[in-house]
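Some notes on the structure that comes next.
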Amino acid sequence: MVLVLAETTKGKFKKAAFEAVSYGYQTAQLLGTECAALVLGTASGAEELGKYGAAKVYHVQDASLDNLDSQVYTAIISELVGKLEGTVVILSHSSTGKSLLGRLAVRLNAGSVAGVNSLPSVEAGVFKVRKPVFSGKAISEFELRSPNKVLSLMGNSYQPKIVGAPATVENPNVSVPARRIKVKEVKRVEGITPLPEAELVVSAGRGMKGPENWGIVEELAQVMGATTACSRPVADADWRPHHEHVGQTGIAIRPNLYIAIGISGAIQHLAGVNNSKTIVVINKDPEAPFFKAADYGVVGDLFEVVPKLTAAYKKFKAEQGG
Amino acid sequence: MKLLVCVSKTPETTAKIAFTNNNSEFDTAGVQFIMNPYDEWYALVRAIELQEANGGTVTLINVGTADNDTIIRKGLAIGADDAVRVDAKPGSALFVAKQIAEYAKGKDFDIIFAGKETIDYNGAEVGAMIAEFLDLPFISFASHLELSGNVATVSRDIEGGTEVLEVATPFVLSASKDLAEQRIPNMRGIMMAKKKPLNVIPPVAFEDLAVINSYELPPAKTAVKLVNPEDMDELIRLLHEEAKVI
Ligand SMILES: Cc1cc2nc3c(=O)[nH]c(=O)nc-3n(C[C@H](O)[C@H](O)[C@H](O)COP(=O)(O)OP(=O)(O)OC[C@H]3O[C@@H](n4cnc5c(N)ncnc54)[C@H](O)[C@@H]3O)c2cc1C
Ligand SMILES: Nc1ncnc2c1ncn2[C@@H]1O[C@H](COP(=O)(O)O)[C@@H](O)[C@H]1O
């Protein structure tokens with residue numbers, strides 16, 4: 001069996017959930033088995049996961065599961081897997097999935113790979129899967145030698161596909177242990193797609209000169225529906241909030257489009273963004289290292305270029321009819 | 001209080017990434033190694049701060065060979081009291097976690113600290129594995145930790161926000177940025193570190209379930225296409241028609 005944990009935020013399925021179910025479905029096809037999805041906590045529309053290939057959806061509708069407690073989640077997942085040897089558990093490579101992967105590997109006596117970005121291969125019973133290492137500077141191929149396996153899927157690396165119809169949702173009879181970690185508060189920035197899930201990212205660095213100049217960056221992001229990010233010195237100087245810091249010591253992202261404004265492109269910054277599908281660099285220094293990692297470059301003064309780009313995007317949107 | 005900090009060794013952040021032995025091994029020639037930044041800057045420093053405030057000991061643990069001793073000594077110079085090195089080549093995350101859990105078993109550590117992830121294998125797995133081996137709660141990506149008696153209040157980074165959590169010791173935590181401020185070892189620390197105990201212990205037998213067969217470098221990026229700064233309509237056109245991302 002392939003068992004996919006489909007994550008939700010505030011009762012709604014994340015894009016990553018559909019990616020994981022699609023990936024799980026394809027993996028199940030490779031292994032000649034079925035894919036089931038698991039939903040933990042309050043959620044609506046669980047039957048929709050069937051469209052992405054879940055033959056069955058288990059939903060444990062218990063509000064104590066709305067926030068992660070890795071011990072509780074592990075107990076439920078391992079009870080569902082039960083004595084089935086040869087189960088592949090698929091998680092999203094998110095704050096939830098990353099916290100569970102290792103626990104499940106121990107509990108299920110399973111080999112694990114964190115952050116896979118392509119389908120596994122199964123040849124002559126040998127299960128291999130690839131993942132980026134060295135912050136995206138290389139790719140390694142893992143071989144998993146245990147009957148059970150646990151993988152976490154990197155966000156935005158696998159396109160969800162509709163392959164079927166809504167599935168029946170079953171409420172399995174599993175015990176939900178008491179949490180040992182108490183949730184006191186959950187603070188979320190409302191209305192903006194969180195960076196790890198954003199498809200479009202507008203990011204700026206020290207070239208901005210000071211926090212008072214960020215208006216042009218925010219305006220570009222707003223008209224594009226993009227999420228804002230920044231380089232490390234900018235967050236360190238408190239010009240921007242820490243959760244915007246991307247790179248080796250910040251967060252690693254892989255959006256479809258990353259626009260870097262006044263960022264030099266130090267190797268530690270690139271480590272967090274070099275897996276983006278398309279990179280645009282705006283920098284007045286033609287020698288800035290970022291141009292080597294870019295798909296499109298604009299050599300110019302950001303204070304002139306960015307407003308022009310915003311205007312051009314607005315025009316484009318108007319021509320597209322909204 | 002008794003605190004344990006897991007520290008790993010990683011290539012320095014600007015190191016050239018290359019492979020040898022038919023692309024099956026990382027090429028360490030000319031590579032400088034450092035303590036994993038999440039372990040050194042955040043996990044270790046927060047542990048030392050707690051020890052300074054509440055008394056007790058901070059023990060470092062590393063799974064690795066003798067060439068890791070320089071990094072371990074640096075951790076002692078920053079302020080840990082003693083260190084343990086499990087004398088084995090670190091295989092998979094599961095192997096490393098098993099070794100650390102075996103050492104920690106029955107020693108009543110109040111908090112076991114790990115880093116958010118190692119910057120070479122980017123797994124973020126070891127902390128969760130130790131927690132499961134020892135049947136302890138695990139809080140990942142901690143950016144803030146306060147302790148009052150045996151109850152900890154911890155902020156945890158999640159997508160687009162933070163969770164504020166409460167947990168009683170003992171537990172395992174992984175450190176992300178902001179948990180503490182980096183400390184640079186001073187001369188006195190470096191001198192004292194030479195006299196602090198570094199115990200080398202043998203590994204327990206454990207069969208790896210995940211092995212790396214080979215590595216490859218990502219395909220080389222094609223040269224950048226420069227766009228006239230006066231013509232942002234052209235950039236939009238390229239993003240729409242060529243890159244197809246907007
Ligand atoms: C262990 C370690 C970990 C690190 N982790 C990270 C990390 O996670 N993320 C990260 O970002 N950094 C990280 N760094 C820091 C990194 O090395 C760089 O120092 C940092 O990324 C530089 O930020 P920046 O590009 O914003 O600033 P700078 O390097 O100062 O670059 C500013 C750029 O703006 C351009 N510019 C200036 N004015 C204009 C203008 N008017 N118009 C257009 N362009 C302009 C300049 O040409 C320059 O290229 C790390 C460093 C170390 C040692
Ligand atoms: N060989 C090791 N020895 C001690 N601790 C380690 C080792 N490898 C990883 N760790 C710890 O586990 C954390 C997460 O590592 P990883 O799961 O490899 O990303 C690191 O930040 C360290 O705290």
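Worth knowing before you read on, the calculation uses all heavy atoms, side chains too, and leaves out hydrogens, waters and symmetry mates. Per chain, numbering begins at 1; letters A, B, ... match sequence-line order.
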Practice prompt. For B:P218 and A:G136, work out which heavy atoms get closest and say how close.
Written response: CG-O, 3.8 Å

Worksheet entry | Considering all heavy atoms, the nearest A:K137-B:T13 contact | NZ-O, 3.3 Å

Discussion item. Tell me whether B:N22 at atom CG has more than 12 heavy atoms from other residues, nucleotides or ligands lying less than 6.0 Å away.
Written reply: no

Practice prompt. Would you name the heavy atoms of B:L217 and A:A138 that are closest together and state the gap between them?
Written response: CD2-CB, 4.3 Å

Worksheet entry | Expected output: side-chain A:R103 to main-chain B:A131 donor-acceptor under 3.5 Å | yes

Item to complete: Tell me, for B:R237 versus chain A, whether the close heavy atoms (under 4.5 Å) come from the side chain, the backbone, both or neither.
Response: neither

Fill in: Interface residue of largest heavy-atom contact number with chain A, from B:D157, B:V227, B:I139, under 4.5 Å
B:V227

Discussion item. Between B:I158 and chain A, with a heavy-atom cut-off of 4.5 Å, which part of the residue counts as in contact: side chain, backbone, both or neither?
Written reply: both

Practice prompt. Look at A:A105, A:P132, A:P241, A:A110 and state which one has the largest set of heavy-atom pairs under 4.5 Å with chain B.
Written response: A:A110

Worksheet item: To the nearest 0.5 Å, what is the distance between NZ (B:K225) and CG (A:D295)?
Response: 9.5 Å

Practice prompt. Please look at A:L144 and chain B and tell me whether the side chain, the backbone, both or neither of the residue comes under 4.5 angstrom of a heavy atom of that chain.
Written response: both

Fill in: Residue part contacting chain B, namely of A:L101, when any heavy atom lies under 4.5 Å
side chain

Practice prompt. Taking the side chain as every heavy atom from C-beta outward, state whether B:D233 and A:F316 have any pair of such atoms under 4.5 Å apart.
Written response: no

Practice prompt. Evaluate the salt bridge (charged side-chain N to carboxylate O under 4.0 Å, His left out) criterion for residues B:E125 and A:K98: first the C-alpha distance (whole Å), next the side-chain angles of each, then the deciding distance (0.1 Å), finally the verdict.
Written response: CA-CA 7 Å; B:E125 294 182 84; A:K98 288 176 189 173; over 6 Å; no

Worksheet item: Just wondering, more than 12 heavy atoms not from B:E207 lying within 6.0 Å of its CD?
Response: no

Worksheet item: What part of A:K187 gets closer than 4.5 Å to chain B, counting heavy atoms only: side chain, backbone, both or neither?
Response: both

Fill in: Separation between OG of A:S140 and OH of B:Y121, rounded to the nearest 0.5 Å
7.5 Å

Worksheet item: Considering only heavy atoms from C-beta outward, does the side chain of B:N122 approach that of A:S135 to under 4.5 Å?
Response: yes

Worksheet entry | Under 4.5 Å from any heavy atom of chain A - which part of B:I130 | neither

Response to the item:
So, the part of B:S92 with a heavy atom under 4.5 Å from chain A: the answer is neither

Worksheet item: Is B:E159 reaching over with its side chain to a backbone N or O of A:S95, donor-acceptor style, under 3.5 angstrom?
Response: yes

Fill in: Heavy-atom contact with chain A under 4.5 Å, split by part of B:K98
neither

Practice prompt. Give, as side chain, backbone, both or neither, the part of A:D69 having an atom under 4.5 angstrom from any heavy atom of chain B.
Written response: neither

Worksheet, complete the sentence: dist A:H243:NE2 -> B:T162:OG1 (nearest 0.5 Å) comes out at 8.0 Å

Practice prompt. Kindly determine whether A:I251 and B:K116 satisfy side chain to side chain contact (heavy atoms under 4.5 Å, CB included), including the steps that lead there.
Written response: CA-CA 11 Å; A:I251 45 178; B:K116 161 179 143 173; 4.3 Å; yes

Worksheet item: Under 4.5 Å between any side-chain heavy atoms of A:V305 and B:M232, yes or no?
Response: yes

Worksheet item: So do the side chains of A:K128 and B:N213 get within less than 4.5 Å of each other, counting heavy atoms only?
Response: yes

Worksheet entry | Side-chain touch B:L239/A:Y296, heavy atoms, less than 4.5 angstrom | yes

Worksheet entry | Donor + acceptor pair across side chains of A:S99, B:R156 (<3.5 Å) | yes

Discussion item. Heavy-atom cut-off 4.5 Å, strictly under: side chain, backbone, both or neither for A:A266 against chain B?
Written reply: neither

Worksheet item: If we only count heavy atoms from C-beta on, is the B:L165 to A:K184 side-chain gap below 4.5 Å?
Response: no

Response to the item:
Tightest non-hydrogen contact, residues B:A210 and A:G111, listed as CB-CA, 4.4 Å

Fill in: chain A contact via B:I119 - side chain, backbone, both or neither, heavy atoms under 4.5 Å
both

Fill in: Proximity breakdown for B:D135 and chain A, heavy-atom pairs closer than 4.5 Å
both

Practice prompt. Check whether B:I212 gets within reach of chain A through its side chain, its backbone, both or neither, counting any heavy atom under 4.5 Å.
Written response: both

Worksheet item: If you count the non-hydrogen atoms of other residues, nucleotides and ligands that lie under 6.0 Å from CD in A:E287, is the total more than 12?
Response: no

Response to the item:
So CZ of A:F291 and NZ of B:K221: to nearest 0.5 Å the spacing works out to 14.0 Å

Fill in: Partner chain B: residue of A:V281, A:L257, A:T227 with the largest heavy-atom pair count (under 4.5 Å)
A:L257

Discussion item. Is B:A243 in contact with chain A via its backbone, its side chain, both, or neither, using a 4.5 Å heavy-atom distance?
Written reply: both

Discussion item. Please determine whether side chain to side chain contact (heavy atoms under 4.5 Å, CB included) holds for the pair A:N67 and B:E163, giving the CA-CA distance in whole Å, both sets of side-chain angles, and the decisive distance to 0.1 Å.
Written reply: CA-CA 9 Å; A:N67 298 91; B:E163 278 177 354; 3.4 Å; yes

Item to complete: Dump the intermediate steps for salt bridge (charged side-chain N to carboxylate O under 4.0 Å, His left out) on A:K308 and B:E230, then the final yes or no.
Response: CA-CA 8 Å; A:K308 284 198 181 106; B:E230 297 300 326; 3.3 Å; yes

Worksheet item: Passes side chain to side chain contact (heavy atoms under 4.5 Å, CB included), B:Y38 versus A:T249? Steps please.
Response: CA-CA 8 Å; B:Y38 294 108; A:T249 43; 4.3 Å; yes

Discussion item. With a strict 4.5 Å heavy-atom criterion, list every residue of residues 107-115 of chain B that contacts chain A, or say none.
Written reply: none

Discussion item. Consider side chain to side chain contact (heavy atoms under 4.5 Å, CB included). Of A:S112, A:S146, A:P147, which one does B:L209 pass it with?
Written reply: A:S146

Practice prompt. Please test B:I246 against A:M224 for side chain to side chain contact (heavy atoms under 4.5 Å, CB included), starting from the C-alpha separation and ending with a verdict.
Written response: CA-CA 9 Å; B:I246 58 171; A:M224 295 186 71; 4.1 Å; yes

Discussion item. Does any backbone or side-chain atom of A:A293 lie under 4.5 Å from a heavy atom of chain B? Answer side chain, backbone, both or neither.
Written reply: backbone

Worksheet entry | Closest-packed option against chain B by number of heavy-atom pairs under 4.5 Å, given A:V183, A:N109, A:V106 | A:V106

Discussion item. Which atoms of A:Q268 are under 4.5 Å from chain B, going by heavy atoms: the side chain, the backbone, both sets, or neither?
Written reply: side chain

Discussion item. Only heavy atoms, only distances under 4.5 angstrom. Which residues in residues 168-181 of chain B are near chain A?
Written reply: B:K177, B:D178

Fill in: Which portion of A:Q248 sits near chain B, non-hydrogen atoms under 4.5 angstrom
both

Fill in: B:I236 versus chain A, the contacting section by heavy-atom distance below 4.5 Å
side chain

Worksheet item: Is any side-chain heavy atom of B:F138 less than 4.5 Å from a side-chain heavy atom of A:Q71?
Response: no

Discussion item. Taking the side chain as everything from C-beta on, heavy atoms only, tell me whether B:L235 gets closer than 4.5 Å to A:V280.
Written reply: yes

Worksheet item: If every non-hydrogen atom of A:G102 is compared with every non-hydrogen atom of B:A128, which pair is closest and at what distance?
Response: CA-CB, 4.0 Å

